[in-house]
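Just so it is clear, the values below take in all heavy atoms, side chains as well, and ignore hydrogens, waters and symmetry mates.
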Amino acid sequence: MPLLHPFAWPLTTPLPPIATNYTPRTIAFTTALRHSSRRVSYSSPPAAGRVENSSFDSAEFEAERLRLDAEARDAMAKTAADAVGDSEAAGSGDPKAWKWKIRKRVWDLMEAEGIARNPRPVHHRIPNFVGSADAAESLGRLEVFQSAQCVKVNPDSPQKQVRFLTLTGEKKLLTPQPRLRTGFFSVLDSQALPSGSIVEACTSVGAAKYGRPIGLDEKIKVDLIVIGSVAVDPRTGARLGKGEGFAELEYGMLRYMGSIDDTTMVVTSVHDRQLVDDIPVDKLLIHDVPVDIVCTPTQVIFTNTLIPKPQGIYWEKLSPEKLGQIRILRELKRRIEKETGKMLPCGPSEKLPPTARRGRR
């Protein structure tokens with residue numbers, strides 16, 4: 001029985017039975033149930049000169065984040081319905097309709113089988129799931145995670161334990177600000193956090209409260225990327241997100257900054273029921289990010305993916321509406337156009353939820 005991380009996020013729901021039919025390409029891990037409801041808090045001494053932002057309004061930030069999330073989910077639901085409807089009506093249809101069909105199937109299955117966990121419903125989200133902490137524990141035992149000094153982790157609920165393990169492992173955590181609407185990335189260093197704040201720092205509010213915002217000129221090397229997924233094909237490393245494209249934009253910007261390259265490993269943590277075998281590699285787009293390793297509550301799979309990783313931002317795929325909503329993208333576009341003396345192309349128009357403006361903090 002492997003040792004559990006001493007600062008594991010407590011589980012309150014029993015795990016499903018551990019699978020025993022592993023493939024030759026799978027490294028299996030067994031996990032212990034944790035029944036304690038006691039929340040463990042890890043404390044570290046605050047670094048000199050680093051104090052909490054006293055003007056930060058946590059309640060206001062969270063209320064606006066939830067509102068933006070709701071708007072985005074409504075817009076994605078309409079986009080998905082239109083894509084699938086147009087596809088069925090036209091025969092050939094929307095080239096992205098197949099992605100929405102797989103997403104809906106996985107979301108429906110997770111809700112129907114009781115795998116889904118809050119926030120619910122899991123539709124139009126990176127879905128939280130039973131055993132997410134166990135998948136994170138397996139991820140935390142990977143050599144590539146243990147040797148990493150800086151880990152980029154998505155801000156979604158199922159990867160909360162990964163963010164926790166990153167900070168308690170005395171690593172730097174790089175996490176995107178929600179939907180890149182208010183900025184870019186925030187960097188959190190456990191040694192610079194106030195005593196007892198690591199658990200809070202693993203949330204979106206905590207990252208905004210305690211993180212240090214960075215810009216495009218930041219010199220930072222990212223050793224590992226942890227990405228959320230709706231569905232993954234473990235045979236090829238092909239992955240589907242929730243459909244907004246932010247993981248691809250974040251990856252592209254990190255490539256531009258020189259923070260990552262083709263050798264930077266990409267890992268995802270999902271439930272076993274999110275593993276699929278019908279993502280057609282030939283239909284993936286040039287900016288879709290494949291994964292090298294898949295961690296579930298019962299297994300770790302090295303995909304040995306042959307899918308090329310994106311080399312940057314593909315401006316011809318980026319709609320003017322999304323560009324208009326994300327300040328850091330507009331800044332990057334202006335910078336590249338000034339450096340090259342050429343106008344960058346623009347992608348086709350799309351419908352997006354209204355832009356909300358937050359006051360500067």
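Applying the salt bridge (charged side-chain N to carboxylate O under 4.0 Å, His left out) criterion to K333, with sequence neighbours excluded, gives E337. Judged as a side-chain hydrogen bond (donor to acceptor under 3.5 Å, both in side chains), and not counting sequence neighbours, the contacts of D108 are K104, H123. For R273, the side chain to side chain contact (heavy atoms under 4.5 Å, CB included) partners are L109, E113, I115, H271, not counting sequence neighbours. Checked against side chain to side chain contact (heavy atoms under 4.5 Å, CB included), R120 has the following partners two or more places apart in sequence or in another chain: E111, A116, N118, V122. By the side chain to side chain contact (heavy atoms under 4.5 Å, CB included) test, T340 pairs with I336, K342, sequence neighbours left out. Taking R330 as the reference, nothing meets the salt bridge (charged side-chain N to carboxylate O under 4.0 Å, His left out) condition, with sequence neighbours excluded. For the side-chain hydrogen bond (donor to acceptor under 3.5 Å, both in side chains) test, residues two or more places apart in sequence or in another chain that qualify with Q159 are N154, S269. In this structure T175 satisfies the side-chain hydrogen bond (donor to acceptor under 3.5 Å, both in side chains) test with no other residue, sequence neighbours excluded. Checked against side-chain hydrogen bond (donor to acceptor under 3.5 Å, both in side chains), R163 has no partners two or more places apart in sequence or in another chain.
Annotation: the span from C295 atom SG to L139 atom CG amounts to 4.0 Å, rounded to 0.5 Å. To the nearest 0.5 angstrom, I214 atom CD1 is 8.5 Å from I328 atom CD1. I293 CD1 to N304 CG: the interatomic distance, rounded to the nearest 0.5 Å, is 9.5 Å. Here the CG atom belonging to L344 is positioned 9.5 Å from the CG atom belonging to L323, to the nearest 0.5 angstrom. The distance from atom CG of D189 to atom CG of L173, rounded to the nearest 0.5 Å, is 10.0 Å. In this structure, CD1 on I260 lies 5.0 Å from CG on L254, to the nearest 0.5 angstrom.
Between the K322 side chain and the E244 main chain, a donor and an acceptor come within less than 3.5 Å of each other. The main-chain N or O of G206 is found under 3.5 Å from a side-chain atom of T203 such that the two form a donor-acceptor pair. Looking only at distances, a side-chain donor or acceptor of W107 sits under 3.5 Å from a matching main-chain atom of R125. The backbone N or O of V199 sits nowhere less than 3.5 Å from a side-chain atom of K160 that would complete a donor-acceptor pair.
Proximity of P297 to V130: side-chain heavy atoms (C-beta onward) are nowhere separated by under 4.5 Å. Using a 4.5 Å heavy-atom cutoff, the side chains of L275 and Q299 are in contact. Side-chain atoms of K283 and K99, non-hydrogen and from C-beta on, never get closer than 4.5 Å to each other. Inter-residue side-chain proximity for H287 and Y251 is flagged as unmet; no heavy-atom pair is nearer than 4.5 Å. The shortest side-chain heavy-atom distance between F184 and E331 does not fall under the 4.5 Å cut-off. Proximity of R103 to K242: side-chain heavy atoms (C-beta onward) are nowhere separated by under 4.5 Å. Looking only at side-chain heavy atoms (C-beta outward), R117 and S132 stay at 4.5 Å or farther from each other. Side chains of L165 and F145 form a contact here, defined as non-hydrogen atoms less than 4.5 Å apart.
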Q. Does the side chain to side chain contact (heavy atoms under 4.5 Å, CB included) test come out yes or no for T303 and R239, once each step is laid out?
A. CA-CA 11 Å; T303 69; R239 161 203 171 268; over 6 Å; no

Q: Would you check, one step at a time, whether the test side chain to side chain contact (heavy atoms under 4.5 Å, CB included) holds for L142 with F302?
A: CA-CA 11 Å; L142 293 172; F302 293 82; 4.1 Å; yes

Q) D233 and V281: side chain to side chain contact (heavy atoms under 4.5 Å, CB included), yes or no, with the steps? A) CA-CA 10 Å; D233 189 331; V281 172; over 6 Å; no

Q.
Evaluate I326 against F246 for side chain to side chain contact (heavy atoms under 4.5 Å, CB included), listing each step before the verdict.
A. CA-CA 10 Å; I326 303 175; F246 284 105; 3.4 Å; yes

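Around the NZ atom of K172, the shell of radius 6.0 Å holds no more than 12 heavy atoms that belong to other residues, nucleotides or ligands. Within a 6.0 Å radius of CD in E143, no more than 12 heavy atoms belonging to other residues, nucleotides or ligands are found.
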Quick one: side chains of residues 215-228, donor-acceptor pairs under 3.5 Å with protein atoms, not counting sequence neighbours, listed by atom name and distance.
residue, atom, partner, partner atom, Å
D217, OD1, R335, NH1, 2.6
D217, OD2, R335, NH2, 3.3
E218, OE1, R212, NH1, 3.4
E218, OE2, R212, NH1, 3.2
E218, OE2, R212, NH2, 2.9
K221, NZ, D223, OD1, 2.6
D223, OD2, Q149, N, 2.9
D223, OD2, C150, N, 3.0

Check: residues 306-316 side-chain donor-acceptor pairs under 3.5 Å, at least two apart:
residue, atom, partner, partner atom, Å
K309, NZ, D262, O, 3.4
K309, NZ, T264, O, 2.8
K309, NZ, D292, OD2, 2.8
Q311, OE1, R255, NH2, 2.9
Q311, NE2, D262, OD1, 3.2
Q311, NE2, K309, O, 2.8
Y314, OH, Q311, N, 3.0

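Nearest heavy atoms, W98 versus P280: CZ3-CD, 3.4 Å. For the pair P320 and G347, the tightest heavy-atom approach, listed with the atom from each and the gap, is CD-O, 3.4 Å. The minimum heavy-atom distance between I279 and L240, with the atom names listed, is CD1-CG, 3.9 Å. Across G211 and S186, no two heavy atoms sit closer than the pair CA-CB, 4.2 Å. When all heavy atoms of V106 and Q274 are compared, the closest pair comes out as CG1-CG, 3.9 Å. Among all heavy-atom pairs drawn from V144 and S147, the shortest one is O-OG, 3.5 Å.
Among the candidates L174, T166, L167, the single residue satisfying the side-chain contact (heavy atoms from CB on, under 4.5 Å) test with L188 is L167.
Among pairs with a residue in residues 144-158, those fulfilling salt bridge (charged side-chain N to carboxylate O under 4.0 Å, His left out) read K152-E250, at least two apart in sequence or across chains.
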